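As the structure is a prediction and not an experimental result, all values here were calculated from the model. As a basis for the values below, the full set of heavy atoms in this structure was taken, side chains included, without hydrogen atoms, waters or symmetry mates.
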Amino acid sequence: MGADEIIHQSTRLRIMAALSTLERREALEFTRLKAIVDVTDGNLGAHIDTLARVGYVDVEKLFVGRRPQTRVKATTAGRRAFRGHVAFLRKLLDQA
């Protein structure tokens with residue numbers, strides 16, 4: 001198994017790492033994910049869009065009271081791809 005070129009980018013790797021720590025149906029609010037990954041709104045949004053286009057994350061937009069809220073969660077395919085990429089990285093590091 002090789003590197004996953006989508007997840008390999010460092011910001012997307014951090015996003016998937018954060019989301020993969022959650023239970024399967026659990027999601028992170030955009031603002032919480034932004035704080036964890038430590039990027040700007042626009043940067044995070046662009047990377048989430050990339051992950052969503054390939055089916056690695058689901059994005060849910062809703063209102064809580066009158067305030068908009070965006071929640072992001074890893075899909076089954078995203079979790080599988082992340083595990084595969086982590087295995088690739090571990091193998092690479094073990095060979096170093």
Side-chain angles (χ1 to χ4, degrees):
M1 174 163 265
D4 184 302
E5 293 303 320
I6 298 295
I7 295 176
H8 188 70
Q9 197 281 339
S10 65
T11 301
R12 291 190 292 266
L13 180 61
R14 291 194 317 264
I15 292 168
M16 292 305 297
L19 296 176
S20 293
T21 65
L22 304 173
E23 296 294 324
R24 291 208 180 272
R25 290 189 164 86
E26 213 175 347
L28 275 177
E29 291 179 30
F30 185 92
T31 53
R32 178 74 178 119
L33 185 56
K34 178 183 154 193
I36 292 169
V37 178
D38 192 29
V39 294
T40 64
D41 287 358
N43 199 320
L44 181 59
H47 287 295
I48 288 172
D49 286 347
T50 298
L51 291 166
R53 275 197 309 273
V54 296
Y56 288 176
V57 299
D58 280 333
V59 179
E60 178 184 32
K61 295 183 182 269
L62 49 106
F63 280 88
V64 177
R66 293 184 173 184
R67 301 184 71 183
Q69 184 180 82
T70 300
R71 298 170 48 92
V72 183
K73 67 180 175 182
T75 63
T76 301
R79 288 175 182 277
R80 189 178 315 115
F82 178 73
R83 283 192 309 269
H85 190 69
V86 168
F88 164 78
L89 292 174
R90 284 195 176 127
K91 183 177 178 183
L92 184 69
L93 293 172
D94 288 345
Q95 293 173 351

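A donor-acceptor pair is defined here as one N or O able to donate and one able to accept, closer than 3.5 Å; such a pair exists between the side chain of Thr21 and the backbone of Ala18. Without hydrogens or angle criteria, Thr70 side chain to Phe30 main chain gives no donor-acceptor distance under 3.5 Å.
Counting heavy atoms from C-beta outward, Asp4 and Tyr56 have side chains that approach closer than 4.5 Å. Using a 4.5 Å cut-off on side-chain heavy atoms (C-beta onward), Arg14 and Ile36 make no contact. Using a 4.5 Å cut-off on side-chain heavy atoms (C-beta onward), Leu93 and Arg90 make no contact. Side-chain contact between Leu51 and Val72: absent, with no pair of heavy atoms (C-beta onward) separated by less than 4.5 Å.
A distance of 11.0 Å separates CG in Asp94 from CG in Leu89, rounded to the nearest 0.5 Å. Taking CG of Leu22 as the start and CZ of Arg79 as the end, the distance is 6.5 Å to the nearest 0.5 Å. Here Ile7 contributes atom CD1 and Arg12 contributes atom CZ; the two are 9.5 Å apart, rounded to the nearest 0.5 Å. Annotation: the span from Leu44 atom CG to Ile15 atom CD1 amounts to 5.0 Å, rounded to 0.5 Å. Atom CD1 of residue Ile6 and atom NE2 of residue His85 lie 11.0 Å apart, to the nearest 0.5 angstrom. Remark: Glu60 CD to Gln69 CD distance equals 8.0 Å, nearest 0.5 Å.
Across all their heavy atoms, Arg71 and Ala27 have their closest contact at NH2-CB, 3.7 Å. Contact between Gly55 and Ala77 at its shortest, heavy atoms only, is O-CB, 4.0 Å. Closest non-hydrogen pair, Val57 versus Ile48, comes out as CG2-O, 3.8 Å. Nearest heavy atom pair, residue Pro68 against residue Phe63, reads N-CD2, 3.6 Å.
Counting non-hydrogen atoms of neighbouring residues, nucleotides and ligands closer than 6.0 angstrom, the CD atom of Glu23 reaches no more than 12 such neighbours.
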